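Reading through the structure tokens given below for one structure.
The model shown is predicted, which means the values in this text are computed figures rather than measured ones. Indexing begins at 1, ligand by ligand and atom by atom, following the structure's order.
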Amino acid sequence: MSKRRSLSGSALYLALIALIVAGFAFWAFNVSLSSSLADLENGANQRLDLYTATLDSEVERFARLPGVLGLSPAVNSLLDAPRDLALQNQVNRYLEHLTERTGATAIYIMDRHGRVIAASNWQQPDSFLGENDAFRPYFKEAIIGQSSRFFGIGTTRSEPGYYLSQALDDNGGGKVIGVAVVKISLARLEHTWSQNKALVWVADANRVIILASRPEWKFATLGLLPANELNQFDQTRQYNRLRLKPLKIDFLRQQSSDARVVRWQAPPGVAESTWHRYLEQTRPLSGSNWQLSVLVSLAPAYSLAYSRAGLAAVLAILILTGLVLLNERRRRLRDKLAAREALQRAYRQLEQKVEERTADLLAANQQLKEEVIERTRAETHLRQTQAELVQAGKMAVIGQLSAQIAHELNQPLAALSTLSANTVKYLARGNLDTASGNLETIGQLVERMGRITGALRSFAHKSQASSGQAELTRTLDNALFLVDQRLRHGAIEVRREEAPGLVADCDPNRLEQVLVNLLTNALDALQDQAGALIVIRGRQDGDRIELTLHDNGHGFSAKSLQHLFEPFYTTKPPGVGLGLGLTLSASIVSDAGGTLTAANHPQGGAIFTLTLPAHSGEHNHV
Ligand code: ADP
């Protein structure tokens, strides 16, 4: 659809261009033609000048001749005595001689009745002599005292000629006694014209062509003449009863007041034009009512106009092509600018988006930073809480241990009391050996009590560290020492099968707490159990240290196994268990990068498996 529209659009475009080119060519054609026509008109005028001058000079040569005849005494005498034959012969010879000398066609004298009384052609058979030409206008005008000029065809020999006539008077008497006539032929002029291939004619007052360079033009009329006019010609025998036909030239248009464009089909060889168009330039001849016309071919003007039109068309095409190209270039430039602007706009939008995104990112980053700070704070807080919880768990263990520790301390205290009383007695008796033996025992008891309180203090110590190295054997020793009283009281056997020199990457105090937890749980499970046994195994497996605590107690119920490590899960009566021991132990182990799992042992009882990263130091042995 749009393609068809663009096709019709371009067709319209082409049609417009063609119209402009044609218009331009038409304009150039007209301008060229009118300027050429003006030139041709000029040229035609110059030719007219020339032809007028030659015609005038041809006629003027004879102008005075009729008047001169009046001066001849013989002529005057003959007019007085027309029947005097001798005189007539004399005048005839005189006229003949004059004709030969001047080149006129004929010279003759008429009496006042119009009869020819002497003629230059007196000896020729068709002599005018004796003829009466009273009806001829040149006689009629001359007899009334005017000199006359008349073109006509001779009545005798049908020879066209120009008649110059003048009245002859009786030597100053003022009375017209005759008429002198000089007939001249303009054939020589015509001959020159036709030889020069000039296209020229002379029309008389009757619009009849009397002289012409083309023979077919001669005695043609310029337009159709009315019948009464033609009748009059017959009476005056001006054209000797010749049939006058209109000139075969078509009038096309009036070019100026005295020039018009005509069409005339020239015979071959006359004109180079195939257009048959000519400029007809006309001018009245002074001293007569004749008109001289020339034809000038318009072919050169037309061919020049055509070539100029062609040139103009080419020029117009070039200019239009230039304009189209310029327009195209401008359009392309505009497109380019638009594209650049669009690109810049897109770039600006992109920049704006980037800025917005950057701002978003900065805001998000800021938020993240704040969140990180918040998390760090929360983590620190959590750690503190955890540490406090661990400590609280430890305190709970200590609380559980306190009864047995008090019992543990009571024994040496009672012994101290007895021993110190006895020692005082022995000292009073002077039994120094026994007294010193007692004091030694007292020292040992105090040392033992110190060890118990030391271990307790060390256990109760609030550890902030989450790292360190724990020698497994020593840490186990410490933990077992703390529960020693319960072990002994419950007659529980502890079998240790740990590899020597195991060192784990873990805070020893916290590992001790974990072990005390696991041991107290085992002790609880082994309460009142005959043949109670705790087997502790420790080994290194690659970069891990694995420790298992297996008791032959009642083991876990299915529910216990599921909730074991959850906070506040306990199966123990209130006041005995808090349900935090395993939760905290698992958390401590996990902090150290280890694991704590529980299971029922296939041979009965519970088994805890503890793994910790092995310390890769010098204490590390396989
Ligand atoms: P508490 O000792 O205060 O109950 P724990 O978290 O240490 O809290 O233990 C949770 C529970 O796990 C105990 O109540 C007990 O039921 C079970 N448990 C722990 N150790 C053993 C064990 N060695 N044998 C049987 N059950 C155990």
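Below 4.0 Å from some heavy atom of Leu578 lie the following atoms of ligand 1, by number and element: 3 (O). Each of the following atoms of ligand 1 lies closer than 4.0 Å to a heavy atom of Leu564: 12 (O), 17 (C). Under a 4.0 Å criterion applied to the non-hydrogen atoms of His554, ligand 1 contributes the atoms 25 (C), 26 (N). Listed by number with element, the atoms of ligand 1 under 4.0 angstrom from any heavy atom of Ala606 are 22 (C), 23 (N), 24 (N). Under a 4.0 Å criterion applied to the non-hydrogen atoms of Gly555, ligand 1 contributes the atoms 25 (C), 26 (N). Ligand 1 places these atoms under 4.0 Å from at least one heavy atom of Tyr569: 10 (C).
Looking at Arg330 and Asp335, no side-chain N of the basic residue comes within less than 4.0 Å of a carboxylate O on the acidic one, giving no salt bridge. Salt bridge absent: Glu379 and Arg377 never bring a charged side-chain N and a carboxylate O closer than 4.0 Å. The pair Glu351-Arg348 does not count as a salt bridge, with every side-chain nitrogen at least 4.0 angstrom from each carboxylate oxygen. Using a cutoff of 4.0 Å between basic side-chain nitrogens and carboxylate oxygens, Lys353 and Glu356 are not scored as salt-bridged.
Phe556 CE2, 3.6 Å is the protein heavy atom nearest to atom 21 (C) of ligand 1. Nearest to atom 15 (C) of ligand 1 among the protein's heavy atoms is Thr571 OG1, 3.3 Å. Protein heavy atom nearest atom 23 (N) of ligand 1, with residue, atom name and distance: Asp551 OD2, 2.9 Å. Among all protein heavy atoms, the one lying closest to atom 4 (O) of ligand 1 is Thr570 OG1, 2.5 Å. The protein heavy atom nearest to atom 2 (O) of ligand 1 is Lys572 NZ, 2.4 Å.
The distance from atom CD of Gln255 to atom CZ of Arg260, rounded to the nearest 0.5 Å, is 12.5 Å.
Under 3.5 Å, the side chains of Ser36 and Tyr302 contain no donor-acceptor pair of N or O atoms. There is a side-chain donor-acceptor pair under 3.5 Å between Ser560 and Ser557. There is a side-chain donor-acceptor pair under 3.5 Å between Asn509 and Lys394.
Here the closest heavy-atom approach between residue Met449 and residue Pro412 is recorded as CG-CG, 3.5 Å.
For ligand 1, none of its N or O atoms has an N or O atom of Phe608 under 3.5 Å away. Here's the thing with Leu582: one of its N/O atoms is less than 3.5 angstrom from an N/O atom of ligand 1. Residue Asn521 has at least one nitrogen or oxygen atom sitting less than 3.5 Å from a nitrogen or oxygen atom of ligand 1, judged on distance alone.
When the heavy atoms of Pro567, Gly579, Pro573, Ala525 are ranked by distance to atom 24 (N) of ligand 1, first place goes to Ala525.
Between Phe608 and Phe556, the ring planes lie perpendicular to each other; the angle is over 60°, past the 30° to 60° tilted range.
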